[in-house]
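Since this is a predicted model, take the numbers as computed values, not measurements. Sequence lines set the chain letters: A, B, ... in the order given, protein chains first and strands last, and positions in each chain run from 1.
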Amino acid sequence: MLSFNQDCWFVRKVVRWRALASIAWSVLLLPATTTLFVFLVRFSLFHPVEWISECFGLLMAASTIFSLILLCGVVLVIGFFNLEGYTVVPSIPCSRVALLAKVLHPRQCVHSLVHCTVGMMVMWCASVMAGGRYQALGSPCTRGESADAPEVCLNEYHVFLLLAGAFIGYSHSFLGVVQNMNYVSFQIIQQYKYLRCKGSLPWVLKCSAVQSLYAVRNYVALYFFFGHIPRAWISNSLNLPIDSSLHSLDSLTGLLDFSLLYHLWISGAFLLLTWYITVLLFRIYVTEAHRFPVQSTFAEDAEQCLPKVLSEKRTPIMKFLALQDLALLSQHSPPRRQEVFSLSQPGGHPHNWNAISKECLALLSDLTQRLVAHHDAVASNGRARPPSATSDTRTTSNSSVSSAVVSGTEDLPQTPRPSVLLKTPGSVFLKSSGRGISSPLTAPFTPDLDSPFSTPSLRHLAAQQVPQQGQWLGSVQSPHIIRRGPKLWSTSTDSQANGSALASPVPTPSSPPPEQKSSFMAQWLQNRKEQVKGFMAKRVLVVYLFNKLPEASSQALFADSQAHIWALEGLSHLVAASFSEDKYGVVQTTLPSILGCMLSLQEAVDRHFKLPHASSKPVKTSCSMGDSTYKTLRFALRAALKTSIYRITSTFGEHLNAVCISAEHQKRLQQFMEYRE
Amino acid sequence: MCSLALFPPPLSGGQITLYEANNELVAGSSPDCYEKQHWDPPSLNFPRETLKPHSRPESSSKAAFLDHKDTLWMRSAGAWRDAGLSGLLDEITNSAEEVPKWLAVSSGCVLALIRWMSSFHGSLFPHLTLSGEEMTAEFSQVLDWSDSAIRSFAWHPHTDKFAVALLDDSIKIYNSRSATAPTLKHRLQRNVSAMQWKPLCASALAVACHTCLLVWHVDPSSLSTRPSSGCAQVLSHPGHSPVTSVAWSPSGSLLVSASPVDTAMMVWDVAAENCVPLQRVGGGGVTNVSWSPDGSRLLAATPSALFRVWETRMWTCERWPCLKGRCQSACWSPDGSRLLFSVQGEMVIYALTFSDMTGGPKSAAVVADLSETTFSGIDDIIVGGEVQSLAWDPTGERLAVLLKGNAGSSSHPAIIAVFKTRSSPVFELLPCGFVSGEIGAEPRLIQFHPHFQHGALLTVCWSNGRISHVPFYFVSVGRPHTGGSPPLPHITSKIEDYSTTHTLYTEQIS
């Protein structure tokens with residue numbers, strides 16, 4: 001996640017100011033939402049005049065002003081969390097246990113805790129503004145007869161609302177993880193901020209109302225069963241007795257109070273609305289297109305120019321905005337295109353074009369490598385594997401793939417990392433048997449070749465271990481492997497890469513190991529394995545948790561594909577424009593590599609979409625703030641890729657026959673030129 | 001300003017316009033009586049009698065079959081599903097003896113309120129009172145859409161391939177390179193009102209249907225004659241039906257769809273299936289969208305006397321209120337700098353010139369007068385009237401205008417008038433001639449071939465179900481590059497001659 005400790009000029013000069021502006025606007029919008037809330041929560045059908053005058057009176061009251069100040073603080077906190085937590089590359093958990101790990105992550109716990117507290121604060125403000133029976137924590141007791149009755153009793157309605165605030169705050173934080181609410185997606189068209197905000201406001205209103213309805217349903221059910229626990233606790237700790245003459249709220253008669261539910265729903269919607277508006281404004285501000293200069297006359301501004309910014313790896317938001325700017329300039333502004341095609345003044349080198357095209361091509365070939373690696377990992381898993389186990393091929397492929405791991409994904413959530421299995425089978429087995437499989441984390445990593453719940457890469461890895469035991473068992477484990485061992489959860493994207501790296505040497509699991517030095521040990525391990533397998537397959541919960549979510553791996557592979565889409569659009573538009581605008585022919589020198597790169601990516605994408613689950617469409621999510629754009633990025637990438645190749649072929653036409661590319665690519669290009677793809 | 005009186009008289013006595021050569025239209029007695037010079041697209045015939053329209057009226061005949069012994073609960077659920085809130089209220093009000101009295105009375109009151117509101121809304125925007133099918137017929141570019149055997153026609157922008165939507169809700173695709181003609185059918189493909197092929201793509205075809213938008217992916221190398229409905233993407237948005245117009249951006253990345261009942265026009269990212277609604281309240285809906293060939297502007301016509309021109313970079317729009325009626329049809333010049341349009345109720349063609357330098361035009365100029373003109377020959381023929389649709393060929397040299405005529409009288413038929421267009425030194429239209437078909441056949445739909453090598457090729461769909469192609473052979477002055485890529489935006493700094501214009505329009509930037 002981006003944080004303030006990153007000393008990037010872009011974060012300092014642009015992102016922070018954008019975040020500040022968005023927070024300022026959300027604070028400015030607070031009085032409007034508060035007014036709306038007051039009018040709705042005090043609504044009375046039969047006394048309209050009284051209602052309106054009372055609301056206006058309330059809006060001027062000191063308590064409301066104080067609530068507003070408190071709400072401003074809340075918005076500041078929420079805005080701060082938005083800025084701290086946003087990401088342009090979503091993290092996609094590949095199994096349920098990874099999701100669980102994400103939810104239980106310490107940072108997420110802090111996030112939830114703060115949201116609970118803040119939610120309670122908002123609800124306190126809401127209850128003060130709602131007035132009436134919700135006003136205060138203590139209320140005068142109604143028991144008149146007995147003389148020893150205490151003066152003040154616990155007001156359960158107030159407690160009910162406060163707890164609802166905590167619940168909605170937690171569920172907001174929880175759903176934020178599940179639905180990737182911190183993911184910021186870029187719109188397909190450019191719009192002015194005001195118009196975009198105006199266009200999205202009705203949707204946000206609807207969203208908060210609907211989500212509040214769901215939250216109320218869940219909260220009421222929860223309170224019905226467990227409401228007495230917090231009530232008793234608060235009553236004890238504050239020494240406020242519970243008024244026994246009133247219906248307690250965790251009963252059917254107490255909860256089936258229409259006005260209570262209405263107030264709860266409206267207050268919940270108000271809470272979510274203020275937060276959602278903050279999120280919405282933050283998204284709108286941070287994704288606004290930023291114009292980077294293509295070249296600068298001053299040397300000190302060089303790091304802010306497009307070619308330099310594109311190659312930046314540490315700040316994903318800057319890279320994304322730079323690529324967006326590239327895509328926009330290549331489509332819309334001829335003078336800036338001229339700058340890209342221009343030659344450097346002394347020397348006459350096309351530095352701008354070289355830097356830009358190099359960076360885009362690196363991005364694309366990176367994706368190609370990732371796809372090929374993933375495909376190899378998955379494809380070799382399903383078929384019969386040729387019995388060849390050489391560890392040196394593994395290391396070479398490992399090193400080549402490790403470069404493919406994109407920057408910016410290090411902070412992705414943690415999923416089971418297959419590399420943990422590089423430990424000797426013995427150690428895994430000993431651990432699992434020694435602990436009696438008490439820990440659910442180690443157990444599923446045992447090789448379990450035929451069970452339905454092992455992931456493809458896991459299954460495959462397990463296959464690898466058997467022949468390796470000879471060379472691994474007696475030897476001292478290398479520190480490299482040991483260091484990797486405890487890291488049980490790895491990023492989603494590089495889990496693919498690692499899995500594939502391990503994929504190349506694939507012996508059949510039943511084939512006997514080449515050197516059977518310790519056949520007794522092998523036999524014992526085999527038995528253990530069978531036992532563990534049988535034991536695990538019976539545990540439904542484990543199956544549920546560790547089952548790989550369908551299409552999650554596909555989504556994870558294409559998680560940052562918005563960058564690739566822009567790179568494709570930018571490159572293809574620039575190349576197409578160069579047909580008439582490039583005076584010095586700087587683009588022609590790179591045309592073969594651009595075509596080759598796009599065609600091999602096309603091939604890799606085509607192969608990827610032949611995998612199961614890759615071409616299945618995700619279910620449409622209903623009204624929620626979570627952005628699910630990342631789920632369909634792979635389809636968008638496939639379409640953008642084809643369009644880009646067609647753009648080049650249709651512009652250059654027959655001239656492309658003169659470009660030197662490999663015969664295979666030539667054949668493929670011919671298909672495109674005849675419009676047969 | 002050009003008028004129909006300058007035209008050569010229309011053909012009579014069963015003569016058919018065959019082609020244009022040496023600046024004049026050549027006629028013959030049958031479509032096959034001349035030497036075919038180049039590849040000729042197939043002339044197809046879809047007799048009206050062989051096509052059976054779907055007999056599924058909107059107020060379905062379900063009631064006749066439904067067992068009315070259903071419980072109230074079941075019927076209410078069905079009504080809610082079929083007709084929404086008003087259906088539910090209607091059902092409750094009608095079964096007054098089964099429900100408590102207060103419920104029946106209150107639902108009756110709410111229903112009356114809703115009806116009153118919607119009638120008020122309908123009086124503001126009269127088109128909302130039409131049924132879906134009538135609305136499609138009203139706003140379609142096809143003359144007499146509901147009776148036409150051919151509902152829509154679309155040339156592929158890059159190859160010799162076209163799609164034809166027929167009365168029976170099927171779409172046929174003809175390709176010059178393969179003998180198979182795939183037929184596309186889908187459960188949701190009803191009342192096709194418009195189609196367009198995706199630019200820079202071989203296979204994607206967007207179809208505007210009654211309830212949704214379908215995007216077919218027809219693999220050009222596939223030999224299948226009936227692609228499964230799995231090849232179609234269904235794009236729908238609540239409140240966005242019937243869809244009457246679709247337009248792909250020339251760069252192939254975005255698709256815009258419009259519906260007369262929805263004030264928002266949808267910008268789709270088709271592959272990702274998400275959309276951005278662009279809402280502007282005035283006008284009461286969007287009937288027709290058309291993207292300029294350079295991709296920089298988009299025309300959106302509304303059912304009221306108003307149309308908008310969007311610029312597609314930041315998606316802001318200019319409002320163009322008309323005086324008489326709604327914008328019926330419009331077409332862009334190949335460089336995207338000029339828009340020709342016609343207004344319902346007026347017999348003229350207007351031109352708007354956009355240039356990047358001055359910010360935009362202030363008024364539209366009348367460039368052609370299409371008022372009724374009588375040509376006396378063996379029997380008098382009246383020509384002229386309102387415009388049904390306009391088509392401009394991709395080289396920008398021929399403009400075809402489909403005139404409505406008077407359906408009642410045989411002496412005032414619908415006819416296609418073709419103009420020559422010249423853009424320098426001043427923009428003007430010159431008469432070329434009338435295109436006539438077989439006796440008794442009425443032109444319904446016109447479209448130009450997007451990349452005809454030897455001039456322009458006009459495809460006409462006739463009321464008898466025939467599709468014919470009329471080539472116009474000429475040497476184009478500024479022929480764009482043959483590859484057919486979207487041309488890059490030009491900067492036109494030409495100063496228009498406004499001496500003959502009369503100001504009709506004011507511009508308001510919204």
- Query: Is it the case that more than 12 heavy atoms not belonging to A:Glu664 sit under 6.0 Å from its CD atom?
  - Reply: no
All heavy atoms of A:Tyr675 vs all of B:Cys201, minimum pair found to be CD2-O, 4.4 Å
* Please check if atom CZ in B:Arg177 has more than 12 non-hydrogen atoms from other residues, nucleotides or ligands closer than 6.0 Å. => yes
Between B:Leu200 and A:Ser650 the two heavy atoms that sit nearest each other are CD2-OG, 3.4 Å
Hey, does A:Thr643 have a side-chain heavy atom less than 4.5 Å from the side chain of B:Ser253? no
So, the part of A:Glu677 with a heavy atom under 4.5 Å from chain B: the answer is backbone
Checklist entry - Is the count of non-hydrogen atoms from other residues, nucleotides or ligands lying under 6.0 Å from A:Glu603 atom CD greater than 12? => result yes
Rounded to the nearest 0.5 Å, the NE2 atom of A:His332 sits from the CD atom of B:Glu311 at a distance of 8.5 Å
Q | Stepwise side chain to side chain contact (heavy atoms under 4.5 Å, CB included) test for B:Arg280 and A:Leu195 | A | CA-CA 11 Å; B:Arg280 293 291 185 277; A:Leu195 292 172; 3.8 Å; yes
Side chain to side chain contact (heavy atoms under 4.5 Å, CB included) assessment of B:Leu278 paired with A:Ile189
CA-CA 10 Å; B:Leu278 288 173; A:Ile189 56 173; 4.1 Å; yes
In terms of heavy-atom contacts, B:Lys198 and A:Ala639 come closest through NZ-CB, 4.2 Å
Between B:Thr316 and A:Tyr192 the two heavy atoms that sit nearest each other are CG2-CE1, 3.4 Å
Looking only at B:Thr159, B:Asn274, B:Val276, the option with the highest number of non-hydrogen pairs under 4.5 Å against chain A is B:Val276
key: Backbone of B:Ser251 reached by a side-chain donor or acceptor of A:Arg647 within 3.5 Å   = yes
Rounded to the nearest 0.5 Å, the OG atom of B:Ser203 sits from the NZ atom of A:Lys642 at a distance of 5.5 Å
Okay, A:Gln671 and chain B: the region with an atom under 4.5 Å from a heavy atom over there is neither
In short, B:Arg313 meets A:Gln190 closest at the heavy-atom pair O-CB, 3.3 Å
Interatomic distance, NE2@B:His158 vs OH@A:Tyr646, rounded to 0.5 Å, equals 8.5 Å
dist B:Gln233:CD -> A:Lys617:NZ (nearest 0.5 Å) comes out at 4.0 Å
